[in-house]
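Worksheet: one structure, shown below.
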Protein chains: 2
Amino acid sequence: MNIGQAADHTGLPEKTIRYYEDIGLVTPNRAANGYRVFGETALHQLNFLAKARGLGFSIEDCRNLLALYDDTARSSADVKAIAKAHVATIDQKIIELSAMRDTLSHLMKHCAGDNRPDCPILNELSQGK
Amino acid sequence: MNIGQAADHTGLPEKTIRYYEDIGLVTPNRAANGYRVFGETALHQLNFLAKARGLGFSIEDCRNLLALYDDTARSSADVKAIAKAHVATIDQKIIELSAMRDTLSHLMKHCAGDNRPDCPILNELSQGK
DNA sequence: CTTGACCTTCCATTAACTGGAAGGATTATA
DNA sequence: TATAATCCTTCCAGTTAATGGAAGGTCAAG
């Protein structure tokens with residue numbers, strides 16, 4: 001399977017697949033003409049990457065998860081630890097974003113949004129620390 | 001005021017302040033010895049930037065907001081439009097993160113997290129698209 | 001007068017790609 | 001068979017918003 005098909009099967013852009021090879025996450029074979037050839041293993045890895053990245057795991061997380069995936073003797077605890085840390089990171093981000101959202105919508109509620117120059121949003125932002 | 005004091009007053013690292021000057025967000029004066037000199041205006045801008053960035057506005061948003069801030073004839077509607085778009089972006093991110101979180105905690109709930117090699121998280125991630 | 005703190009510029013790196021150029025290989029069409 | 005369209009290759013640069021560090025100038029204290 002060439003890179004185009006691999007892209008279709010995984011939903012990953014070709015560029016991204018080449019990049020993943022570059023950084024050593026996947027190692028497709030090569031045909032005589034230099035084209036990458038993706039076998040079952042490589043496809044599996046790409047699907048794995050697509051899913052894990054879609055869930056927000058970092059590339060380094062993915063590298064670790066792939067290593068665990070290849071290690072048939074791994075313990076599920078190792079995987080769970082990575083997932084747990086990731087959930088905590090996500091929760092933190094959600095908290096921060098929610099705080100931003102609240103502050104902003106509070107400011108917006110007090111902004112007339114008309115043609116006059118007075119703007120509570122800018123007024124607030126221009127306050128010193 | 002030198003860059004060190006400016007950093008103290010705004011909470012921004014010196015590196016970041018230099019960077020903001022680089023990309024044209026702030027234009028401090030220069031003393032005879034080449035040191036940056038931050039007057040009231042520059043300090044105001046830096047405080048503005050620190051707050052707006054803290055609320056997640058992008059650098060380009062900040063550039064626009066600063067321009068509006070300098071424009072005494074601006075309408076509050078212009079500012080509100082930027083803020084509104086930003087809130088929508090934040091909401092979208094929160095939705096995506098929440099979905100990730102749900103998927104992951106669902107997977108984790110089904111993972112024993114013990115020493116056995118069977119791991120529902122990896123099993124799920126290894127499923128084809 | 002020298003030590004340490006503070007300042008300068010410049011270059012490289014981060015994360016995770018994305019865009020595009022230049023050119024070789026393959027496939028479809030005329 | 002010619003050629004055009006598509007697919008593939010590598011390599012270089014750019015993105016966001018800084019951050020790290022080197023090499024070196026300046027200043028204030030003792």
Is the number of heavy atoms from other residues, nucleotides or ligands under 6.0 Å of Asn115(A) CG greater than 12?
no

Does a salt bridge link Glu21(A) with Arg18(A), judged by any charged N lying under 4.0 Å from a carboxylate O?
no

What's the closest nucleotide to the side chain of [X] if the choices are [options]?
X        : options                   : answer
Asn33(B) : dT19(D), dC8(D), dT26(D)  : dT26(D)
Ser58(B) : dA17(D), dT19(D), dC17(C) : dA17(D)
Lys15(A) : dC11(D), dT8(C), dC17(C)  : dC11(D)
Arg36(A) : dT19(D), dA25(C), dT10(D) : dT10(D)
Ile3(B)  : dT8(C), dT9(D), dC17(C)   : dT8(C)
Tyr35(B) : dA18(D), dT8(C), dT26(C)  : dT8(C)
Tyr19(B) : dC17(C), dC8(D), dA17(D)  : dA17(D)
Arg18(A) : dT9(D), dG21(D), dA18(D)  : dT9(D)
Arg53(A) : dC17(C), dA17(D), dT9(D)  : dC17(C)

Quick check: on DNA chain D, is the nucleotide nearest Gln5(A) upstream (toward 5') of the one nearest Phe57(B), or the reverse? Name the residue that is more 5'.
Gln5(A)

5'-most by nearest nucleotide on DNA chain D - Ile59(B) or Arg30(A):
Arg30(A)

Can a side chain N or O of Thr16(B) be found less than 4.0 Å away from OP1 or OP2 on dT19(D)?
yes

Tyr20(B) side chain near dA17(D) phosphate (N/O to OP1/OP2, under 4.0 Å)
no

Quick check: closest heavy atoms across Val37(A) and Arg30(A), and the distance to 0.1 Å?
CG2-C, 4.2 Å

Could you tell me the separation between the CG atom of Asp8(B) and the CD atom of Gln5(B), rounded to the nearest 0.5 Å?
7.0 Å

